[in-house]
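Since the structure comes first, as structure tokens, the remarks are kept for the end.
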2 protein chains.
Amino acid sequence: MVTLAEVAQHAGVSASTVSYVLSGKRSISASTRERVEQSIQELGYHPNAGARALASSRSNIIALMVPLRTDMYVPVMMEIAIAVATTARTHGYDVLLLTGEEGPDAVRRVTGSGLADAMILMDVELDDERLPLLRATDQPSVLIGLPADTTGLTCVDLDFGATGALCAEHLALLGHRDIAVIGEAPAVYERHTGFAERTLDGLRARSRELGLRVLHRPCEGGYDAMALTLARILDERPGTTGFVVQNESAVEPLLALLRQKGRAVPEDVSVIAICPDQVATQASVRLTSVAIPAQDMGRQAVEHLIAKLEGRGKDEVVLIAPELTVRASTGPAPAAP
Amino acid sequence: MVTLAEVAQHAGVSASTVSYVLSGKRSISASTRERVEQSIQELGYHPNAGARALASSRSNIIALMVPLRTDMYVPVMMEIAIAVATTARTHGYDVLLLTGEEGPDAVRRVTGSGLADAMILMDVELDDERLPLLRATDQPSVLIGLPADTTGLTCVDLDFGATGALCAEHLALLGHRDIAVIGEAPAVYERHTGFAERTLDGLRARSRELGLRVLHRPCEGGYDAMALTLARILDERPGTTGFVVQNESAVEPLLALLRQKGRAVPEDVSVIAICPDQVATQASVRLTSVAIPAQDMGRQAVEHLIAKLEGRGKDEVVLIAPELTVRASTGPAPAAP
DNA sequence: ATAGTCTGTCGAAGCGCTTCGACAGGGCTT
DNA sequence: AAGCCCTGTCGAAGCGCTTCGACAGACTAT
């Protein structure tokens, strides 16, 4: 293992000079800088992370807490995680992957040990146990998701309220009057993650203004659950012509079932999905959808975190504006029979 | 920040004693141990990761390199990553998330800086640029996947050859004679990741023994690509009655298309998927499938890595035996017309 | 010419921990 | 009773880096 001292000796300067070349915190003459950089190259020097962390009390590591359960939006989580990792690297940070398993203890461990300089939390619940800890520590953090009380916190999330409203608007504009919302699995609502409720609230509020009737049904993914849910919806509101689906694993079953029942998409019924673009374009019908901007969320979370680490940046809630892309699954409501 | 020294003072012992209580590397009397543990509790002490890494030259961190591209098996990757993280924690290790983006440089950086004690690589290509580096360093590593040359390496993977054979056997046993393999996107083959080829080789070899005719077609996911691929297959081999699908995003489109063409599953055609169980059970038909044991792969990779870190454990290739679960998508071949 | 200001470099301290050798004291053996 | 070996504890060195204050030398202002 090559050390700073060896580089210094090789370049004929003192250790501190090498350190300053590396950090740029003091001015160094062009000639020495070159000599040092040359030596670093030749010897293949890499600063020792532990020593650096100890001396500077900054680890250059960001902790990312991902949910342990994988009952929803797995590709989204993955995409966020990857976006976080790549964005962090462009700022010279590495990412430590924590699972939700340890819960609040993980927060204590990370802040206590100086393992990471800051953290990003995903899958935040409305009244998350980790929040008091985050507020108590002076270590910067960013949430991806929105808890009930955001005071003293920085949060990044899709504006799910606006997303719901956008869906309502689109369907209303096409002349639909009775719409159904296929929601996440009941477990998601019980866990109080918030985003599902916010979507629904936004959608309901806008629907009221536009005169839409809304029926909401949570739904486990899969064919059987969807079949049951759809049957109930059509039983209760046979005139339903618009569907908003917020559950990746219900999308394809829904399309198959509609097909099977002889209801053509988009001629007879319209379907909007709230899902990543990839899902929308690969479905059996190219879906009109509101995208979940996973990359953007990950990237913004990191940018805000870095801003806080550098003393810039304040607590704030960043809601990303939803965008609806019209594809082949929505069309004018059929004339009333 | 509480330090070792403060704990020592609080407990009325020396710093080294506290250290030995923590590490258990020397015997400590029950009474002092208790006193020290008490102090640790009271003061809320967490050892400083940087200092520990510097002094012991072990970071207690495992690096995990995940693929940057997300063109395939994303849920599998995620599941593996989570399994790695949780298993690592049970052994006292944390996980550093690296993306494939940096390529070989990431390996240099991690080994050079002592950021991690060991690494796990996913998405290994047959002739991966990172392999020479891994062989050159004395830092332990485990691959998830199988390169062309495994000498000096430890690898964990599903036995895709046996997986292919298993699919062939199942279909042959049911009386099918003409089968088609819907493979991964062409890009996957071009990248030489190996697993797709191995599946095919295993399947072809067993098919030859069993007298099956095999048609292989790579396929981008999605409805349109699948439609094209299926049309070509049925054009070339109209008598095809068995499908093996190794591409998550082709599964549902295939089922929809078959339905649309009036070919009933499993009465007219049988479909086997090579995919995680979750996908198989949530599809519009409950799919007979060979599971991709993501959790198991992640867990085993960590176990082997830990073994190497502890001096036990040797270079070896661990192939996980595939298991075929019969569900509702396969049945006897229809009588010849 | 003198004092004052920069610029570039160095030496030394110290970050919080692990670990090695030393050693006091108690229990054996002989 | 002398010598020995354990067991449990301590002190000190040192891991590789950052950073602070010091300072030599070159330059500017008076």
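Proteins come first, then strands; the chains are lettered A, B, ... in the order of their sequence lines, and each starts at number 1.
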- prompt: Taking OP1 and OP2 of D:dG8, is either one under 4.0 Å from a side-chain nitrogen or oxygen of B:Ser27?
  reply: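 Yes, because at least one side-chain N or O of B:Ser27 sits under 4.0 Å from OP1 or OP2 of D:dG8.
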- request: Describe, as an angle rounded to 10 degrees, how the axis at the first end of the helix from C:dA1-D:dT30 to C:dT30-D:dA1 is tilted relative to the axis at the last end, five pairs per end.
  value: 40°
message: Apply side chain to side chain contact (heavy atoms under 4.5 Å, CB included) to residues B:Ile120 and B:Leu143 and explain how you reach the verdict.
response: CA-CA 6 Å; B:Ile120 295 177; B:Leu143 313 185; over 6 Å; no
Using the test side chain to side chain donor-acceptor pair (under 3.5 Å), find all partners of [X] that sit at least two apart in sequence or belong to another chain.
X	value
A:Glu303	A:His91
B:Thr137	none
A:Asp296	A:Arg299
A:Thr111	none

Using whole Å, report how far [atom1] of [X] lies from [atom2] of [N].
X	N	atom1	atom2	answer
A:Arg35	C:dT9	CZ	C1'	11 Å
B:Glu34	D:dT9	CD	P	12 Å
A:Arg58	C:dG16	CZ	P	16 Å
A:Gln9	C:dG11	CD	P	12 Å
B:Arg52	D:dG16	CZ	P	18 Å
B:Ile28	D:dC6	CD1	P	18 Å
B:Leu115	D:dC17	CG	C1'	14 Å
B:Arg33	D:dT7	CZ	C1'	13 Å

Can you list everything that forms a side chain to side chain contact (heavy atoms under 4.5 Å, CB included) with [X]? Sequence neighbours excluded, please.
X	value
B:Glu37	B:Val21, B:Arg33
A:Glu129	A:Pro104
B:Glu34	none
B:Ser29	B:Ser31, B:Thr32

field: Nearest-nucleotide comparison on DNA chain C, the residue closer to the 5′ end among A:Leu54 and A:Thr32
entry: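 Looking at the nearest nucleotide for each, A:Thr32 comes out on the 5' side.
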statement: Nucleotide by nucleotide, nucleotides 19-28 of chain D touches protein heavy atoms under 4.0 Å in the pattern (B base, S sugar-phosphate only, - none) BBBB------
Please set out all donor-acceptor pairs under 3.5 angstrom arising from side-chain atoms of residues 50-58 of chain B, sequence neighbours excluded.
| unit_1 | atom_1 | unit_2 | atom_2 | d |
| --- | --- | --- | --- | --- |
| B:Ser56 | OG | B:Arg52 | O | 2.6 |
| B:Ser56 | OG | B:Arg58 | N | 3.4 |
| B:Ser56 | OG | B:Arg58 | O | 3.4 |
| B:Arg58 | NH1 | B:Tyr93 | OH | 3.4 |

query: Just by modelled atom types, is the B:Ser141 backbone N or O under 3.5 Å from a matching donor or acceptor in the B:Lys308 side chain?
result: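 It does hold such a pair.
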message: Contact list please: residues 41-49 of chain A against DNA chain D, heavy atoms, distance less than 4.0 Å, in numerical order.
response: A:Tyr45, A:Pro47, A:Asn48
- prompt: Between C:dT9, C:dC17, D:dC17, which one does the side chain of B:Leu4 approach most closely?
  reply: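 The nucleotide sitting nearest to the side chain is C:dC17.
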